[in-house]
Undergrad: 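Submitted below is the structure of interest, expressed as structure tokens.
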Amino acid sequence: MAIPKKALYLIDASSYMYRAFYALGRLTGPDGKPTQAIYGFAQMLLKVLREKKPELICVVFDAPGPNFRHELYASYKATRQKMPEDLAEQVPLIKKLVALHGLPQAELEGFEADDIIATLAGRASKEDIPVVVVSADKDLHQLVADGRILQWDPQKDEIFTEKEVAARLGVKPSQVADLLALMGDSSDNVPGVPGVGEKTARDLLARFPTLEAVYEHLDDVKSSAVRKKLENHRDLAFLSRDLVAIRDDVPLNLAPSDCRPGEPRYRDLLRLYEGLGFRSLVKSLREDLESMGREVPLRKDASERTVAVVRDLSELERVVREIQGRELFSLDLETTSQDAMRAEIVGIALSWEDHRAVYIPVGHRGEGSEGQLDASLVLKTLAPLLTQDRPGKAGQNIKYEWVVLQRAGIDLRGIAFDTMVASYLLDPGHPSHKLERIAAEYLGESIPSYADVAGKGKSQVNFSQVPVEKAAAYACSDAETTWRLVSVLEAKLEEEKLKELFVSLEMPLVRVLGAMELRGIRVDARKLEDISRDLETKIEAVAAVIYDMAGREFNIQSPKQLAEVLFDKLCLRVVKRTKTGPSTDMEVLEELAAEHPIAEHVLTYRTLAKLKGTYVDALPKLIHPETGRIHTSYNQAVTATGRLSSSDPNLQNIPVRGEEGRRIREAFVAEPGHVLLAADYSQIELRLLAHYSGDEHLVAAFREGADIHRRTAAEIFGVPYHEVTSEMRRHAKTINFGIIYGMSPYGLARQLRIGTTAAKAAIDRYFERYSGVKAFIERTIEHTRKLGYAETLLGRRRKIPELQSRNRTVRQQGERLAVNTPLQGTAADLIKKAMIDIDRVLAEEGLKTAMLLQVHDELVFEVPEEELETARKLVQEKMEKVITLKVPLTVDLGWGPDWSRAHG
DNA sequence: CGTGTCGCGTAC
DNA sequence: GACGTACGCGACACGG
């Protein structure tokens, strides 16, 4: 049923406020104040306004303090009697928000929103105005009357007419109050008739139309037990109905015709949203304004910044003199590409005091491009600033600047502050550390995005085509915002005890990573082409077999088409399902392999196609035309645990297992006269588990240098170390990893394809033998719950709000994170420290060995053959001695002409 | 035609 | 629902 036009929309504000407050968890604005109720409410409201454009609307609130229902029944809404402080402080802002939207609002002392809604709905009906009650609450179902009043929940987009009410509650709207009176409503502390639940209540009302009728015909109630309950609690039943029945006669001085919305105050609304950090709502409001053809108000602070475009040498020299002697300035390069290895400099923005920045255009080709200083002259003039440690440099993702400047012949030194990295340390779980987002959170400001200046998608232009004035405004905004963020973020880092980690680990790492990216790794393109042809042949052969078995050709790479073949055509068993259909993943196919040979072939096909598509054919495209090498990007602000990530290409997931994997790694080669040296930490996370837990058996095993999985197998299977079978060792290995990841008996059972009982027994046995580990896990979870965050050995922190959840599954997830994060995160801390130590010593010793890759617990170096001996010792020493733990850290080394043989 | 999501699979 | 952290491919649905 469609919603009628020209209806009066009555918004149940209080219920949405509460819902959002409890459903959205902790959401806070830039000032740290809670905002989730405001956000949830605003989202709902915007949806109503945008989709329905109501001509009559009223936003209705519960009155604070007691109402007539409390006089009727003392414990009514006892659970909610006092609004939580965190919610109460959001209410005024919600009301302000409604007012700024120009919408009428209503509230009446002594009554709840429901009563006001009912009263207004009644008045509208008398005037033949259709009413839409905007609420998800079932209490309000009692107002629904086909043709006059319907209820709508914009969040789920559910419409309730009499039919839907009947479907949901099993009674007519007019019986809703009677239903709740009989069954009670625990959320509002409505008692109901003790012992009568939803089913009984519904059955009674199916036979008798009203609560009165039920009591008039008590003798006709079949069940004597129910009859007895009804008899005994007659007063409670009628009291309950008085509590739930909505009053439609409140003394409200408001007519439906008073509910016309006024003109929204867009400028103030944007400011309010921005202040609250509601980026997405700001964006959608702006879009609305644009689509209405209205002028979009200026962004806050855009006018508060002094921007100067530097076009002559004397001015540039004046800038240099001004910055000299400062402690810090911020630097932002505008370039022709997001890829630092391909970018050419278009302009340079600098900021060294609040609300002021300069832009030096050097590579613009479009509007205003005349009268630019020559790029090399600018760099030469800036060089004294850039290549000295002092003043320090700040930037947003300043590794990018480092790489680009290196390629331009400038060795940027004194990298002191990266706002992206700082933001990451403050909240590594946050999905974004873009400047735009950081500025919104820590400064409460909305800054122009790159897309605003250069466009996006098809209409995106090269930055060199952006008019100089426009580019200057954008670049200066970035540089100056970065500048102001430094002191704010620095104070936060101090406050959170993260300053040391930032200064001594993450910031020194920036340049080390930049150097690894710049150096890149040599890839043998011809070898990859050979592999590609080989794979192609094999893939075609396997595909032919699959088509033959399927009886037709189809796209094997399409899970949907594959599912059709396997499950419809060949009628194989559906092992498990995904959201969209039967699953065809590896686990399923391995199981189906016992039933039909096609499964095995599909597995082979998948493996080969994966390798070809993701690695063999993708990698050559990423070989740099000038260096002939592959230059990955290491991202320092992505993972929740502190690990690095790698992209374009991801060199951290190059295959290692299997024949084809080996061949792919053979394509990563050393320069002539060099070898690749690979050094990886052995079992670092398990060693950290031993260290943290202090478990005597685990610690002893590592001190003795035992094969840890074999040792574990001996312990849990109760056999001598030398009698452990490979099967037993495999099980033990899975359990060891499972412990680190917080695996459940179910998970272990699935992994090992054993029964849940057997899996549980194995885990019990493990904890029996390694009781220190059990204690560590429990202690860690409790500690994390109290602090609200997990912590690594070097003090990295990750918030774990999941531990506070009332949802058991979410909470268990939190428990796994609480255990896993310190282990994975500390391993990340340690290898980062080792990288910095090694980088420093290599430089000190004047060695030509270069660090190329980091793969979480492994470092790969390119070593001149004559340095191998030195480098081996140095790397091993620095990695193993990175820190002293209760157990030794050991590093395995290997070397060879390519990455595969370096592992040998 | 570009963009976002899903299913899947690679690494540690 | 059930094992932590990533990135990226091809297919597909969707919207302009």
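When reading the values below, keep in mind they use all heavy atoms of this one structure, side chains included, and skip hydrogens, waters and symmetry mates.
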Undergrad: Which nucleotide, B:dC8, C:dA11, C:dG8, lies nearest any side-chain atom of A:S647?
TA: C:dG8
Undergrad: Can a donor-acceptor pair under 3.5 Å be found between the side-chain atoms of A:R643 and the base atoms of B:dC12?
TA: yes
Undergrad: Return the nearest nucleotide to the side chain of A:N653; candidates are B:dC12, C:dA11, B:dA11.
TA: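 The answer is B:dA11, which lies nearest to the side chain.
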Undergrad: Side chain of A:P559, heavy atoms from C-beta onward: which of C:dT5, B:dG9, B:dG7 has the nearest atom to it?
TA: B:dG7
Undergrad: With A:F668, which of A:L651, A:D524, A:L528 fulfils side chain to side chain contact (heavy atoms under 4.5 Å, CB included)?
TA: A:L651
Undergrad: By nearest atom, which of the nucleotides B:dG9, B:dA11, C:dA2 is closest to the A:P655 side chain?
TA: B:dA11
Undergrad: Just to be sure I understand the rule, does A:Q561 reach a base, reach only the sugar-phosphate, or reach nothing, if contact means heavy atoms closer than 4.0 Å?
TA: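 Here A:Q561 touches the backbone only, sparing every base.
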Undergrad: Have a look at A:R577 and say if it touches a base, only the backbone sugar-phosphate, or nothing, with a 4.0 Å heavy-atom cut-off.
TA: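 The answer is nothing, as A:R577 stays clear of every strand by at least 4.0 Å.
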Undergrad: Given C:dG4, B:dG9, B:dC12, which nucleotide is nearest the side-chain atoms of A:R665?
TA: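 Per side-chain heavy atoms of A:R665, the pick is B:dC12.
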Undergrad: Look at A:T639 and C:dA6 and indicate whether a side-chain polar atom (N or O) is within less than 4.0 Å of OP1 or OP2.
TA: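 Checking C:dA6 against A:T639, no side-chain N or O comes under 4.0 Å of OP1 or OP2.
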Undergrad: In whole Å, what is the span from the CD atom of A:Q813 to the P atom of C:dG1?
TA: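 Roughly 13 Å, once rounded to whole Å.
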Undergrad: Looking across every strand, which nucleic acid part, if any, lies under 4.0 Å from A:A640 by heavy atom: base, sugar-phosphate, or nothing?
TA: sugar-phosphate
Undergrad: Is the number of heavy atoms from other residues, nucleotides or ligands within 6.0 Å of CD (A:Q683) greater than 12?
TA: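 Yes, enclosed.
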Undergrad: Counting any heavy atom closer than 4.0 Å, what does A:N555 reach on the DNA or RNA strands: base, sugar-phosphate only, or nothing?
TA: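 The answer is sugar-phosphate, as A:N555 gets under 4.0 Å only of primed atoms, P, OP1 or OP2.
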Undergrad: Is A:Q557 touching bases, backbone alone, or none of the nucleic acid, heavy atoms closer than 4.0 Å?
TA: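 Here A:Q557 touches the backbone only, sparing every base.
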Undergrad: With sugar-phosphate meaning primed atoms plus P, OP1 and OP2, does A:R750 contact a base, only sugar-phosphate, or nothing at under 4.0 Å between heavy atoms?
TA: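 The answer is nothing, as A:R750 stays clear of every strand by at least 4.0 Å.
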Undergrad: How are the rings of A:H433 and A:Y424 set relative to one another: parallel (under 30°), tilted (30 to 60°) or perpendicular (over 60°)?
TA: perpendicular
Undergrad: Which word best sums up how the rings of A:H631 and A:H624 line up, parallel for under 30°, tilted for 30 to 60°, or perpendicular for over 60°?
TA: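 Rings of A:H631 and A:H624: perpendicular, over 60°.
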Undergrad: Choosing from C:dG4, C:dC7, B:dC8, which nucleotide comes nearest the side chain of A:L817?
TA: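 So the nucleotide nearest the side chain must be C:dG4.
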Undergrad: Would you indicate which nucleotide in C:dA2, C:dG4, C:dT5 comes nearest to any side-chain atom of A:Y741?
TA: C:dG4
Undergrad: What is the nucleic acid contact for A:T821, judged by heavy atoms within less than 4.0 Å: base, sugar-phosphate only, or nothing?
TA: nothing
Undergrad: Check every atom of B:dG9, B:dG7, C:dG1 against the side chain of A:T578 and return the nucleotide holding the closest atom.
TA: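 Of all the options, the side chain of A:T578 is nearest to B:dG7.
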Undergrad: Please report the interatomic distance CG(A:L677) to CH2(A:W895), rounded to the nearest 0.5 Å.
TA: 7.5 Å
Undergrad: What interatomic distance, in whole Å, is found between P of C:dG1 and the corresponding atom of B:dC6?
TA: 15 Å
